[in-house]
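First the proteins, then the strands, lettered A, B, ... as listed; each starts at 1.
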2 protein chains.
Amino acid sequence: MKKEKKTYHHGNLAESLLNAVDELATKFGLEAVTLRACAKLVGVSPSSAFRHFSDKRALMTAFATKAIHQLAHAMALAKEQANSNKEDAFSAVGLAYIEFALDKPAFFRAMWREETIYTNDENYIQATNLLSAHLQGGFAETIEDTDPESFSSQELLAWSSVHGMANLFVDGPVGKGETKKQKIIMAKDMLKVLSKAFLQ
Amino acid sequence: MKKEKKTYHHGNLAESLLNAVDELATKFGLEAVTLRACAKLVGVSPSSAFRHFSDKRALMTAFATKAIHQLAHAMALAKEQANSNKEDAFSAVGLAYIEFALDKPAFFRAMWREETIYTNDENYIQATNLLSAHLQGGFAETIEDTDPESFSSQELLAWSSVHGMANLFVDGPVGKGETKKQKIIMAKDMLKVLSKAFLQ
DNA sequence: TGACAAATGTAAACACTGTTCACATAATAA
DNA sequence: TTATTATGTGAACAGTGTTTACATTTGTCA
């Protein structure tokens, strides 16, 4: 889709660098993502990255922001699908959250690294706000939401449990030997129990 | 100035290095923990570390293992205290989990870094097993535990929610502007809702 | 005791890393 | 056109983990 003539100016280096982060992270893990490796992958000198990102941290922040948007999108899709199938939207959204972590562990890790990204970056904060809005959107049918601005105890429990299981799968000792299918079943079972807390 | 009795051999360098990791992590964050800085803090050459740890990763694994034991200890203490006060052991253990993350965020982060530690290290695995045993111990009075080996859906929900909230506090957007006291209240409220799911 | 092997610490190198800076080149505005 | 701005480069710098040959201490056994 894009022309690949090697000009002195790359054209859209910022986005290409983000794609390089994507590729390296999925292939070799977050820890293997290095500024120089990204530059090499794009076919550009290492120092050129600094024309578009003030820092490596800024680059990782942009990547994290992108990842959050992807997750939010996956959740929105899951909710839509559940609604049209007249299924439980809450469980569908929660499951999408966990499934994203299973499918793209490096992306999921990148999103939540206070020490590696600028968590007070404007775009990043905006993305997390969008994400929590999607979460509340998924909960809306199940949980009575009085205040759309802050999280209720129920909503906090829902987010925590889903976020927690995702983390336990990705970076914890839970479900270590098991297949993805089995982990999905574990998630579904947990969500089922969770629903009980909301029904009364 | 007087001569410090610097012996050529340090004595217990391995443990001293772990203490250095501790100090640097709490003072400047996990990302600031560097092998050379640890060596300098102990007053020893960088290469000496490799006589006791094969890797930086091995050092961080030992640190993570130590941190997990600390967390397990805090949970055991909380349970004991709750029992002698005839209070809810489950909530106490869960709260201890979250409070540990709030008090020692760098330690909590270090425990769950698949890419930075050797998660199949024997001692590390043993520590996580101990931790999950303590979790189940805390749940025992509240949750009907049929199989002590594997986790039931209820137990998984309990661990996930507590682990999730801890992570959302430490590395996520939740409770960002709030004090520790407020966060503890949020945790207690969540645990209260959670109990409902178990009382049926 | 003395000799010698095993542990443990060191200095110097190595290939990496992020980052800066003076400079080169291209795109745009005048 | 020319001047200005944006973007990419190459060479350097300090800092990183790690290895290597060597130095020092400790422990063992004659």
Side-chain angles (χ1 to χ4, degrees), chain A residues 2-21 23-25 27-64 106 110 113-118 121, chain B residues 3-21 23-25 27-64 106 109-110 113-118 121:
Chain A
K2 289 277 178 182
K3 46 188 173 180
E4 294 184 17
K5 57 177 181 180
K6 13 180 192 171
T7 56
Y8 187 89
H9 284 200
H10 179 279
N12 54 348
L13 186 48
E15 200 186 321
S16 295
L17 284 172
L18 284 173
N19 290 337
V21 175
E23 186 173 336
L24 291 173
K27 264 191 186 165
F28 309 110
L30 248 198
E31 236 63 30
V33 174
T34 181
L35 216 53
R36 291 177 115 102
C38 291
K40 186 180 245 180
L41 196 61
V42 174
V44 95
S45 91
S47 47
S48 63
F50 293 87
R51 295 275 177 221
H52 302 269
F53 300 96
S54 63
D55 253 343
K56 187 196 179 184
R57 204 168 171 180
L59 171 64
M60 297 315 287
T61 304
F63 178 68
R113 289 235 171 167
E114 176 107 10
E115 291 189 334
T116 324
I117 65 179
Y118 291 119
D121 173 81
Chain B
K3 283 187 172 182
E4 301 144 358
K5 43 169 185 175
K6 275 195 198 165
T7 56
Y8 189 89
H9 282 198
H10 179 281
N12 55 346
L13 186 49
E15 200 186 321
S16 296
L17 284 172
L18 283 173
N19 289 337
V21 175
E23 186 173 337
L24 291 173
K27 263 191 186 164
F28 309 110
L30 249 198
E31 236 64 31
V33 175
T34 181
L35 215 53
R36 292 176 114 102
C38 291
K40 186 180 244 180
L41 196 61
V42 174
V44 94
S45 92
S47 46
S48 64
F50 292 88
R51 295 274 176 225
H52 303 268
F53 300 97
S54 62
D55 253 345
K56 187 197 179 183
R57 205 168 169 179
L59 171 63
M60 297 315 288
T61 304
F63 178 67
R109 284 192 186 102
R113 287 236 172 166
E114 176 107 10
E115 292 190 334
T116 324
I117 65 180
Y118 291 119
D121 172 81

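- Each of A/Ile117, A/Val21, A/Val33 was checked for a side chain to side chain contact (heavy atoms under 4.5 Å, CB included) with A/Phe63, and the lone residue meeting it is A/Val21.
- Axis angle across the helix from C/dT1-D/dA30 to C/dA30-D/dT1, with five pairs used at each end and values rounded to 10°: 0°.
- The side chain of A/Ser48 places no N or O atom within less than 4.0 Å of a non-bridging phosphate oxygen (OP1 or OP2) of D/dG8.
- Residues forming a side-chain hydrogen bond (donor to acceptor under 3.5 Å, both in side chains) with A/Asp55 (at least two apart in sequence, or on another chain): A/Tyr118.
- For the pair A/Phe53 CZ and D/dT7 P, the interatomic distance rounds to 12 Å; values are reported in whole Å.
- The side-chain hydrogen bond (donor to acceptor under 3.5 Å, both in side chains) check on A/Ser54 picks up nothing, with sequence neighbours excluded.
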For residues 40-52 of chain A, which side-chain N or O atoms pair as donor and acceptor with protein atoms under 3.5 Å away, sequence neighbours left out?
from    : atom 1 : to      : atom 2 : distance (Å)
A/Ser45 : OG     : A/Ser47 : OG     : 3.2
A/Ser48 : OG     : A/Ser45 : O      : 2.5

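- To the nearest angstrom, P of C/dG18 lies 12 Å from CG of A/Leu17.
- Scanning for salt bridge (Lys or Arg N to Asp or Glu O under 4.0 Å) contacts around A/Glu31 gives A/Arg113, with sequence neighbours left out.
- Remark: A/His52 is in phosphate contact with D/dG8, judged by side-chain N or O atoms under 4.0 Å from OP1 or OP2.
- To the nearest 0.5 Å, atoms CZ (B/Phe28) and CD (B/Glu23) are separated by 8.0 Å.
- The CG-C1' distance, from A/Leu24 to C/dT17, rounds to 14 Å in whole Å.
- Atom CZ of B/Arg51 is separated from atom P of D/dT25 by 15 Å (rounded to the nearest Å).
- In this structure, CG on A/Leu30 lies 10.5 Å from CG on A/Leu24, to the nearest 0.5 angstrom.
- Distance check: B/Leu59 CG to B/Thr116 OG1 gives 12.0 Å after rounding to the nearest 0.5 Å.
- The distance between atom CG of A/Leu13 and atom C1' of C/dA27, rounded to the nearest whole Å, is 16 Å.
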Please tabulate the protein-to-nucleotide N/O contacts below 3.5 Å involving nucleotides 15-19 of chain D, giving atom names and distances.
from   : atom 1 : to      : atom 2 : distance (Å)
D/dT16 : O3'    : B/Thr34 : OG1    : 2.8
D/dG17 : OP1    : B/Thr34 : OG1    : 3.0
D/dG17 : OP1    : B/Leu35 : N      : 2.7
D/dG17 : OP2    : B/Thr34 : OG1    : 2.8
D/dG17 : OP2    : B/Leu35 : N      : 3.2
D/dG17 : OP2    : B/Arg36 : N      : 3.2
D/dG17 : N7     : B/Arg36 : NH1    : 2.4
D/dG17 : O6     : B/Arg36 : NH1    : 3.0
D/dT18 : OP1    : B/Asp55 : OD1    : 2.9
D/dT18 : OP2    : B/Lys56 : N      : 2.8

